[in-house]
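Before any comments, here is the structure.
Both backbone and side-chain heavy atoms feed into the values below; hydrogens, waters and symmetry mates do not.
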Amino acid sequence: MECSYQLKDGCMRISMPREVDHHYAEQLRREADLLIGAYHIRKLIFDFSGTEFMDSSGIGVLIGRCKNMGYSGGEVSAEHLNERLKKIFAVSGLHKMIQVAPDAKEENTEKNSKGERK
């Protein structure tokens, strides 16, 4: 699976590949920067629902896109992280740079702990 991009109203969602390694990282870097510039993207969402592995080159791509979006006042978020990716985000410090959307299970747990009903 390669990356796929969805553009709508200044927002771009990037569906990340199964493995974010050096090969896909370089492709992702080129394509994302081209689309961000061409379509004046203000919000960038990384969707990791199909991702099982990410190495340091993938971390570098995410950090670089955060910096680029920060220069233009844009925002970056990530969603659908599995446990391995959550650990990578925590250890690398990505969780401080990228807003991580809570999973549906986490949202329900938070609501229930606050006394709200599902």
Side-chain angles (χ1 to χ4, degrees):
M1 175 180 131
E2 291 190 28
C3 300
S4 66
Y5 306 90
Q6 297 156 348
L7 302 159
K8 184 177 180 180
D9 300 328
C11 178
M12 179 166 69
R13 175 183 300 277
I14 302 175
S15 296
M16 301 296 282
R18 190 167 141 279
E19 295 184 4
V20 185
D21 56 12
H22 177 71
H23 172 72
Y24 283 115
E26 186 58 36
Q27 174 188 346
L28 174 62
R29 180 181 291 118
R30 278 193 310 263
E31 292 175 354
D33 286 347
L34 180 69
L35 293 169
I36 289 168
Y39 292 96
H40 308 291
I41 301 300
R42 306 294 292 156
K43 181 171 177 69
L44 180 60
I45 304 168
F46 290 101
D47 183 348
F48 288 95
S49 57
T51 305
E52 297 174 6
F53 172 81
M54 182 169 68
D55 67 10
S56 60
S57 58
I59 294 169
V61 168
L62 297 177
I63 291 171
R65 291 336 95 216
C66 285
K67 288 184 179 181
N68 289 350
M69 292 297 290
Y71 295 141
S72 62
E75 59 184 87
V76 181
S77 64
E79 58 188 26
H80 304 123
L81 276 67
N82 61 28
E83 291 305 314
R84 175 182 273 174
L85 290 170
K86 287 177 185 175
K87 189 171 184 177
I88 290 171
F89 267 61
V91 170
S92 66
L94 282 172
H95 69 288
K96 296 177 184 177
M97 303 172 76
I98 298 175
Q99 177 184 355
V100 178
D103 294 335
K105 285 187 262 181
E106 291 175 6
E107 284 183 359
N108 287 336
T109 302
E110 285 180 19
K111 286 180 182 178
N112 288 338
S113 68
K114 292 179 182 175
E116 299 175 17
R117 295 182 181 230
K118 291 191 222 180

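- Contact check for L44 versus I36: side-chain heavy atoms found under the 4.5 Å cut-off.
- A salt bridge (Lys or Arg N to Asp or Glu O under 4.0 Å) check over residues 58-71, counting only residues at least two apart or in different chains, returns the pairs D33-R65.
- Annotation: ring pair (Phe, Tyr, Trp, His ring centres under 6.0 Å) contacts involving residues 37-88, sequence neighbours excluded, comprise F48-F89.
- Rounding to the nearest 0.5 angstrom, the gap separating the CG atom in L28 from the CG atom in D21 is 11.0 Å.
- Considering every non-hydrogen atom in both M54 and I88, the closest pair reads O-CD1, 3.6 Å.
- Every salt bridge (charged side-chain N to carboxylate O under 4.0 Å, His left out) that K43 has, sequence neighbours left out, goes to E75.
- Between A25 and G58, the closest heavy-atom pair is CB-N, 4.2 Å.
- Here CD1 of I14 is found 8.0 Å from CG of L35. Values are rounded to the nearest 0.5 Å.
- Note: Q99 CD to I45 CD1 = 9.5 Å, rounded to the nearest 0.5 Å.
- Under the salt bridge (Lys or Arg N to Asp or Glu O under 4.0 Å) criterion, the residue pairs touching residues 51-62 are R18-E52, with sequence neighbours excluded.
- Residues satisfying the side chain to side chain contact (heavy atoms under 4.5 Å, CB included) test with S72, not counting sequence neighbours, are R42.
- By the side chain to side chain contact (heavy atoms under 4.5 Å, CB included) test, S56 pairs with no residue at all, sequence neighbours left out.
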### Task
List the steps and the verdict of side-chain contact (heavy atoms from CB on, under 4.5 Å) for K86 and D103.
CA-CA 11 Å; K86 287 177 185 175; D103 294 335; 3.1 Å; yes
Before giving the answer on side-chain contact (heavy atoms from CB on, under 4.5 Å), spell out for M97 and V76 the whole-Å C-alpha distance, their side-chain angles and the decisive distance to 0.1 Å. CA-CA 8 Å; M97 303 172 76; V76 181; over 6 Å; no
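- Looking at residues two or more places apart in sequence or on another chain, you find a side chain to side chain contact (heavy atoms under 4.5 Å, CB included) between Q6 and R13.
- Every residue meeting the salt bridge (charged side-chain N to carboxylate O under 4.0 Å, His left out) condition with E26, not counting sequence neighbours, appears here in chain and number order: R29, R30.
- Interatomic distance, CD1 of I41 versus OH of Y5, reported as 12.0 Å (0.5 Å rounding).
- For the atom pair OG of S92 and CG of L62, the computed distance is 8.0 Å after rounding to the nearest 0.5 Å.
- Distance check: T51 OG1 to N82 CG gives 8.0 Å after rounding to the nearest 0.5 Å.
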(request) Apply side-chain contact (heavy atoms from CB on, under 4.5 Å) to L94 and I59, showing your working. (result) CA-CA 8 Å; L94 282 172; I59 294 169; 4.1 Å; yes
